[in-house]
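Presented below is the structure to which this report refers.
Predicted model, so just to flag it, every value in this text is computed and none were measured. Values below: every heavy atom of this structure, side chains too, minus hydrogens, waters and symmetry copies.
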Amino acid sequence: MSGVPPPNIPSARGATPSAAAALAVAAAPHLRSQSPRPALDRRVTPVEGVLAAQSDMHNFLGQSHGPLFDAAMKYIDAAGIQRDQMSYIVFALAAAYLVFGSAARLLCNLIGFGYPTYASVKAIRTKDTDDDTVWLIYWTCFAVLYLCDFFSEAILSFFPFYYILKACFLVYLYLPQTQ
């Protein structure tokens with residue numbers, strides 16, 4: 001076989017990922033019949049996830065969520081404060097408490113425990129197992145962080161921003177926009 005020249009296939013070295021994929025399909029005709037991956041399967045960048053979360057927050061604040069929520073929103077609207085500005089104020093107060101508060105560890109763990117518990121129970125009740133896997137990964141990360149807290153409590157007292165960073169990381173992990 002050493003006397004047979006290699007097939008005339010262009011090199012994929014230095015090509016963009018899409019060009020390299022096109023070259024691979026050209027080199028292997030059996031791959032052409034496969035459908036391309038849908039756009040929904042692609043990973044979301046952190047910036048896209050944060051922008052989607054912000055948009056979803058605006059939509060959430062504009063909807064009705066029961067009489068207590070609606071009464072609070074009427075009070076905020078009557079005070080002349082926009083709903084998204086009030087949510088930012090609440091986030092800032094929670095962040096300040098996570099840095100300076102005496103029960104920052106408790107608040108951080110509540111932030112990392114509240115919504116994920118609800119979403120996990122909801123995921124267990126569905127027949128699809130993909131969402132179960134996502135929440136299992138989340139709970140594994142949560143448990144590792146909790147164990148780090150438990151065994152290094154004396155060391156963590158020297159890092160005032162640890163609990164706010166942990167809370168942001170946990171929220172980043174469980175937001176549906178960032179997964």
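In this structure, the ring of F60 has its center less than 6.0 angstrom from the ring center of F69. Between W139 and F113, the ring centre distance stays below 6.0 Å.
Linking Ile, Leu, Val, Met, Phe, Trp and Tyr whenever their side-chain heavy atoms come within less than 4.5 Å leaves Y146 and Y162 in two separate clusters. In terms of hydrophobic clustering, with Ile, Leu, Val, Met, Phe, Trp and Tyr side chains grouped at heavy-atom distances under 4.5 Å, Y138 and V144 are assigned to different clusters. The hydrophobic clustering, which links ILVMFWY residues whose side-chain heavy atoms are closer than 4.5 Å, places V121 and W135 apart. Connection of V134 to I124 is not established within any shared hydrophobic cluster, with ILVMFWY side chains joined at heavy-atom distances below 4.5 Å, either directly or through further cluster members. Cluster annotation: F91 is not connected to V99 through the hydrophobic network of ILVMFWY side chains, with a link wherever side-chain heavy atoms come within less than 4.5 Å.
Residue pairs meeting the salt bridge (Lys or Arg N to Asp or Glu O under 4.0 Å) criterion with at least one member in residues 61-87, sequence neighbours excluded, are D77-R83. Residue pairs satisfying the salt bridge (Lys or Arg N to Asp or Glu O under 4.0 Å) criterion with at least one member in residues 103-123, sequence neighbours excluded, are listed as follows: R105-E153.
Between the side chain of T140 and the backbone N or O of L136, at least one donor-acceptor pair lies under 3.5 Å.
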>> Evaluate F159 against L165 for side-chain contact (heavy atoms from CB on, under 4.5 Å), listing each step before the verdict.
In response: CA-CA 10 Å; F159 299 104; L165 293 175; over 6 Å; no

>> Quick one, F142 with L173, criterion side-chain contact (heavy atoms from CB on, under 4.5 Å). Give me CA distance, side-chain angles, the key distance, then yes/no.
In response: CA-CA 9 Å; F142 181 82; L173 286 179; over 6 Å; no

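Residues P116 and Y174 come closest through the heavy atom pair CG-CD2, 3.3 Å. When all heavy atoms of I81 and M86 are compared, the closest pair comes out as CG2-N, 4.1 Å.
The structure places SG of C168 at 15.0 Å from OH of Y163, a figure rounded to the nearest 0.5 Å. The structure places CZ of R125 at 13.0 Å from CG of D131, a figure rounded to the nearest 0.5 Å. How far CD1 of I76 is from OG of S87: 8.5 Å, rounded to the nearest 0.5 Å. How far CD1 of I111 is from CG of L170: 8.5 Å, rounded to the nearest 0.5 Å.
The number of heavy atoms from other shown groups lying within 6.0 Å of OH (Y88) is above 12. Within 6.0 Å of CG in L147 there are more than 12 heavy atoms belonging to other residues, nucleotides or ligands.
Partner of C108 under the side chain to side chain contact (heavy atoms under 4.5 Å, CB included) criterion, out of I164, L98, L145, D149: L98 alone.
In this structure, L106 shares a hydrophobic cluster with L110, the cluster being traced through Ile, Leu, Val, Met, Phe, Trp and Tyr side chains under 4.5 angstrom apart.
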